[in-house]
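All of these numbers come straight from a predicted model, not from anything done at the bench. Values below: every heavy atom of this structure, side chains too, minus hydrogens, waters and symmetry copies.
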Amino acid sequence: MTNDIVLHLDRASAEDLHEVLWLVGEHLAAGAPIPALPNGADERLAQVIRSLADALGKGHPYS
């Protein structure tokens with residue numbers, strides 16, 4: 001497919017992304033607050049978001 005977006009993630013970033021997506025889904029389903037991310041996860045996830053934004057041709061509003 002020509003519309004595919006492929007990101008290459010280091011293991012820690014992939015683990016963080018999996019964890020945050022799972023936590024958000026589970027906590028939203030349960031109506032519970034979303035807990036804080038583990039130390040360093042916010043920076044790794046920010047880089048994933050920037051990479052995805054670049055791949056999609058979107059801007060970086062907070063950079």
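- In this structure, the separation between NE2 on His18 and CG on Leu9 is 13.0 Å, given to the nearest 0.5 Å.
- Of all non-hydrogen atoms in Gly59 and Ala53, the two that sit nearest each other are O-CB, 3.9 Å.
- Residue pairs meeting the side-chain hydrogen bond (donor to acceptor under 3.5 Å, both in side chains) criterion with at least one member in residues 19-46, sequence neighbours excluded: Asp16-Arg44.
- With sequence neighbours excluded, the residues that form a side-chain contact (heavy atoms from CB on, under 4.5 Å) with Val20 are Leu17, Val24, Leu37, Leu45.
- Closest approach of Leu7 to Ala55, counting heavy atoms only: CD2-CB, 4.3 Å.
- Listed here is the closest heavy atom pair of Ser13 and Val48: CB-CG2, 4.0 Å.
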